[in-house]
2 protein chains.
Amino acid sequence: MIKSAFDPTGFTRYQQLLDLFTVSASSWTVDELAHALGKPKSSVYRSVRELVAAGYLESAASAKYRLGPAFIVANRVIEKTDPLVVSGAAVIHSLAAAVAVPCVVVLARLYGSQVVCVADERTAGSHAPAFERGRLMPIDRGATSLAILAQARGKALANLLSATGVTDSERSAVLTDKLKEIRKAGIAVTTDEVDPGLTGWAVPVTHKGFGITASLSIVCSTDDVTDLNINELTAGLLSSGALIEKHMQLVFDEVVQVQMNTNRASNQ
Amino acid sequence: MIKSAFDPTGFTRYQQLLDLFTVSASSWTVDELAHALGKPKSSVYRSVRELVAAGYLESAASAKYRLGPAFIVANRVIEKTDPLVVSGAAVIHSLAAAVAVPCVVVLARLYGSQVVCVADERTAGSHAPAFERGRLMPIDRGATSLAILAQARGKALANLLSATGVTDSERSAVLTDKLKEIRKAGIAVTTDEVDPGLTGWAVPVTHKGFGITASLSIVCSTDDVTDLNINELTAGLLSSGALIEKHMQLVFDEVVQVQMNTNRASNQ
DNA sequence: TAATAATTTATCGTATATTGATATTTTTTA
DNA sequence: TAAAAAATATCAATATACGATAAATTATTA
């Protein structure tokens with residue numbers, strides 16, 4: 001019985017349950033859940049029943065449970081309405097089409113002290129499994145993440161670094177220098193940091209109003225990189241990033257506009 | 001203040017909150033949420049804070065909140081592990097490529113008393129917005145849904161019908177006849193039932209072990225339908241449906257195998 | 001920059017929902 | 001059909017959620 005440090009209250013108890021359902025452990029019996037959570041079966045049965053009723057879990061074969069369709073429905077809402085995802089969708093599609101070498105175009109954002117990919121577009125012949133929508137990535141490795149990390153300053157940066165467990169002062173100094181370089185250059189480049197044999201370029205994508213801290217990146221095989229296509233590639237990345245930011249601003253202006261109308265109406 | 005019938009307990013109170021976030025109302029202030037739920041602001045603030053901490057909500061511009069990235073992460077788990085989605089992905093892709101006319105290939109399943117699309121693949125030039133991943137559809141209209149409804153019998157069927165509010169005995173009789181026809185033919189065909197100008201064909205897709213009740217369907221413009229391509233289309237649909245079921249059975253056998261090994265190991 | 005408004009968090013006593021041990025029912029398996 | 005496993009129901013103790021209010025923080029405006 002693996003007892004967790006604290007008895008969860010509120011939403012936490014449901015979160016702990018749901019968090020157990022991962023790609024590598026996608027279905028659980030109540031027994032297994034109870035054991036993993038260090039809780040009695042009767043309590044877990046109750047929580048599971050509630051989550052099943054809500055569509056967040058569903059019963060699968062042989063007394064197992066898996067994530068339910070409620071997530072698919074909510075995912076669509078995000079896909080159709082999230083400013084970053086909406087603004088990025090069209091842009092990453094045409095960027096991928098424009099890049100000459102086989103690659104993955106990735107739109108990623110900050111999620112707690114990690115980075116999560118929120119959109120990916122891959123050209124034929126590209127295999128970079130680490131960069132797919134919904135996948136979490138460490139914040140201190142890879143161009144995609146570093147372009148995001150470089151946007152944090154001062155206390156916020158310190159929090160992110162401490163959360164990832166970068167206590168080694170030497171590594172911390174190296175990282176700080178690297179972030180400084182990235183800020184100066186306006187683009188992050190790394191090779192072999194996430195997957196060996198892959199090189200990534202990333203530019204920051206931000207919207208202060210929406211509170212969005214993200215990055216747009218291209219990942220391709222290091223072998224395919226030549227002096228010739230690097231310029232093309234980085235130019236495309238920079239202009240695409242700017243395009244996404246511009247589009248988000250348009251969405252933002254719309255939202256504000258609607259809001260003002262609503263306020264005016266409700267004051268009458 | 002729109003008071004709901006019962007004070008929600010357990011997961012329901014979070015579900016009610018999250019359910020308010022839809023495509024047409026994707027961001028809410030706490031004030032708006034409190035009003036919609038008929039709850040005091042202080043309580044809603046607490047729930048919202050918990051959901052934000054869990055990544056199920058996040059704060060957006062001007063005191064608004066929107067759905068958070070936790071749904072994107074969970075969505076990936078489903079995308080990579082759900083038996084129906086995994087088994088259907090490759091099949092619907094090649095089916096769409098094989099169909100001569102512009103169309104949407106849809107994989108849908110039962111979700112409570114509704115139908116939800118879990119995968120869609122569209123050929124160039126096809127526009128059928130009602131059929132996209134994550135979208136909910138009424139269970140008593142359209143080939144996609146009827147092919148699913150036709151799988152229910154007796155009490156289960158009655159429950160589904162009553163949930164959709166089909167109290168009209170005449171309509172109920174018509175529907176019952178239609179379902180009988182569908183069962184006999186092994187395929188459902190409807191025209192103009194969901195979107196005017198569109199025709200849909202759907203075949204049942206089931207796996208008893210996994211507890212999956214679904215359908216595979218093709219939707220295209222009624223104008224594009226000719227006697228020539230109908231045969232081709234239905235044949236492709238039937239064989240693709242069978243292929244998905246066969247693939248699910250392979251996955252099922254694997255799971256059972258792994259399970260048996262695990263049990264054997266834990267008995268030693 | 002100061003003043004004002006809006007948003008968010010903190011506090012706290014009380015009512016109530018949650019909890020987990022146990023018994024019972026239902027479903028699955030042999 | 002019998003036995004085992006899974007799932008639900010029961011219930012008393014108690015921890016937790018609740019909501020009114022106050023305080024603090026953040027955003028907006030003058």
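Naming: A, B, ... by sequence-line order, numbering from 1 per chain.
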Open item on the list: Without decimals, in angstroms, what is the distance between D31(A) CG and dG20(C) C1'?
Closed with: 15 Å
Task: Pairwise 5' ranking along DNA chain D for R46(A) and S47(B), keeping only the more 5' one - done: R46(A)
Task: For atom NZ of K208(A) and atom P of dT28(D), their distance in whole Å - done: 10 Å
- [ ] For dA17(C), take OP1 and OP2 only and decide whether either is under 4.0 Å from a side-chain N or O of R13(B).
- [x] no
Task: T9(B) side-chain proximity, nearest of dA17(C), dT7(C), dA7(D) - done: dA17(C)
Open item on the list: Below the 4.0 Å mark, does dT9(C) have OP1 or OP2 next to a side-chain nitrogen or oxygen of R49(B)?
Closed with: yes
Less than 3.5 Å apart, which donor and acceptor atoms pair up between the side chains of residues 150-158 of chain A and the rest of the protein, not counting sequence neighbours?
from: Q151(A); atom 1: OE1; to: T206(A); atom 2: OG1; distance (Å): 2.9
from: Q151(A); atom 1: NE2; to: A147(A); atom 2: O; distance (Å): 3.1
from: Q151(A); atom 1: NE2; to: A214(A); atom 2: O; distance (Å): 2.8

Task: Y14(A) vs S59(B), nearer the 5' end of DNA chain C by closest nucleotide - done: S59(B)
Open item on the list: If you compare every side-chain N and O of S42(B) against the phosphate oxygens of dC18(D) (OP1, OP2), does one of them come in below 4.0 Å?
Closed with: no
- [ ] Please assess L57(A) against L67(A) for the test side-chain contact (heavy atoms from CB on, under 4.5 Å), listing each intermediate value before the final yes or no.
- [x] CA-CA 4 Å; L57(A) 288 180; L67(A) 294 181; 4.0 Å; yes
Task: Backbone N/O of I148(A) and side chain of S215(A): donor-acceptor pair under 3.5 Å - done: no
- [ ] Using the closest heavy atom to pick a nucleotide of DNA chain D for each, name whichever of S43(B) or A63(A) lands nearer the 5' end.
- [x] A63(A)
Open item on the list: If the test is salt bridge (charged side-chain N to carboxylate O under 4.0 Å, His left out), which one of K64(B), R66(B), R49(B) qualifies with E58(B)?
Closed with: R66(B)
Open item on the list: Is the phosphate of dA7(D) approached by Y65(A) (side-chain N or O, under 4.0 Å from OP1 or OP2)?
Closed with: yes
